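What follows is one structure encoded as structure tokens, with my remarks underneath.
Note: hydrogens, waters and symmetry copies are ignored here, and every other heavy atom, side chains too, is used. Just so it is clear, the structure is predicted and the values come from calculations on it, not from any experiment. Letters A, B, ... are given to chains in the order of the sequence lines, protein chains preceding strands, and every chain is numbered from 1.
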Amino acid sequence: MEIELISFGRISEFIPNQKIQINGIETTSGLQNYLEKTFPQLAGMKYKLALNKNLVQQESEIRNGDSIAIMPPFSGG
Amino acid sequence: MDTERYQRQLILSGFGPEAQQLLLQAKVLVIGAGGLGCPALQYLAAAGVGYIGIADNDTIELSNLHRQVLFGTANIGSKKASVAAKRLQEMNPDPQYRIHLLRISTQNIAEVFRDYDIIFDGTDNFDSRYLINDTCVRLHKSLVFAAVSGFEGQLAIFNVPDADGRKTNYRDIFPVPPAHGEIPNCAENGILGVLPGIMGTMAAGEIIKLITGIGKPLINKLLHYNLLSQEQYEMNISPSKYDTPLVMEASDPDTMPLNHSYIEIDVERMLSLSEEESTIIIDVREKHEFPRLDTETYKQVPMSAFDNFLSSEITQNNIVLLCQHGVRSVAAAEALYQKYGHTKTMYSLKGGIAKWRKHFLTT
């Protein structure tokens, strides 16, 4: 299935916005593992996912056409 | 009140004298008179917010001026909060301005917050941001949050109930602060002055909406703004299922310093903890590593299986982690902190088994 990745801040430097094909991944934690393997820089960072514009607070199912936002904290002022 | 000054907003449909009166009665604290704080202060003062606090202890530097638009070249070397208050007073003498010439800390923050209803976080570091967030939760203050990174900004309102009475705060998004250096700040990363200008102005807009009850403030939402693409992305925030850990809730602030998710201990402390009833000691080394420890005392949970282990519940309150050199045990402690926050206390044996080899080989 195809999902859309939307990234912010420093994460967009190594995960540009894109549509990706994923197979065999059905949940947000599965996707998280996949992302951290595919983009190892992500594994060492604090970040949060949002699924279809809702912050992911628990294991959620991913469906074809979903959008996943990957967001780091910002501190600058 | 000089109504002519506010005439254009007084005649605005859906605003009017009632909203102006609410602004006059409002007490807003702006923390950080910097790139975000300056534009926010300008519009809050101009709109007629009645009581405006400015908390900052920094002095003005030449490299601030491209974004901290309340200051001029002649102000270099002066205190930001004092210069800002003087400039705002000239712009609009109606509000009462209060200067807090201090850097907020666990010692002074409750006292500083006492007189305000709404707190605006325009600081530039995670230590302050978590402290402000946690204090707003503890003292039930509304928090408007803005932050920038590169060409992007984040904006949110925390600790204000939505229509269903649900409140969220920054720790619902990022329960634990990033490590120092993980996220670059403006000094390291650079910043275009107009971006905090926009974000600080948007924050002032949200504060005015909160005070007057107009429109839809960003309650339980986080807005992302990208200056380069002019795109906005809004996401809904829901409360985390884990208890939010808060700075300063620990009984002893010395043993639970600000933002620390775990405590590093020596072997003596580990032994005294092991005598306490509610303690579990976990060896996170892989099964092939030496020396082997008594599995009665040291529960084996290798890092390779730690994610699985996290899905089970730990009943003990003190969790001591150890490994060969005290590095993996820190990672394990942080993972447990992500789950339990300060509801349990995580300890990591500093230096690991290698450092205390004598102890482990003789027992």
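Here the closest non-hydrogen pair linking B:S238 and A:Q57 is O-NE2, 2.7 Å. The two atoms that bring A:G76 and B:R129 nearest to each other are O-NH2, 3.2 Å, heavy atoms only.
Looking at B:T123, only its backbone comes within 4.5 Å of chain A, counting heavy atoms on both sides. Using a 4.5 Å cut-off between heavy atoms, B:F151 makes no contact with chain A at all. At a 4.5 Å heavy-atom cutoff, A:S29 makes no contact with chain B through either its backbone or its side chain. Contacts between B:E234 and chain A at a heavy-atom distance below 4.5 Å involve the backbone alone (N, CA, C, O).
Below 30°, between 30° and 60°, or above 60°: for A:F74 and B:H224 the angle between ring planes is above 60°, a perpendicular geometry.
Using a distance-only test at 3.5 Å, with no hydrogens or angles considered, a donor-acceptor pair links the side chain of B:Q154 to the main chain of A:P72.
Within 6.0 Å of CZ on B:R166 lie more than 12 heavy atoms contributed by other residues, nucleotides or ligands. Around atom CZ of B:F309, more than 12 heavy atoms belonging to other residues, nucleotides or ligands sit under 6.0 Å away.
Remark: A:K48 is not positioned above the aromatic ring of B:F174, lacking an NZ or CZ atom under 6.0 angstrom from the ring centre and at most 45 degrees off the axis.
Considering only heavy atoms from C-beta on, B:Y170 comes within 4.5 Å of A:P73 through its side chain. Residues A:M71 and B:E152 are not in side-chain contact: their nearest non-hydrogen atoms beyond the backbone lie 4.5 Å or more apart.
A side chain to side chain contact (heavy atoms under 4.5 Å, CB included) with A:L55 is found for exactly one of B:N236, B:N220, B:I173, B:L222, namely B:I173.
Taken from CG in A:N54 to NZ in B:K221, the straight-line distance is 8.5 Å, to the nearest 0.5 Å.
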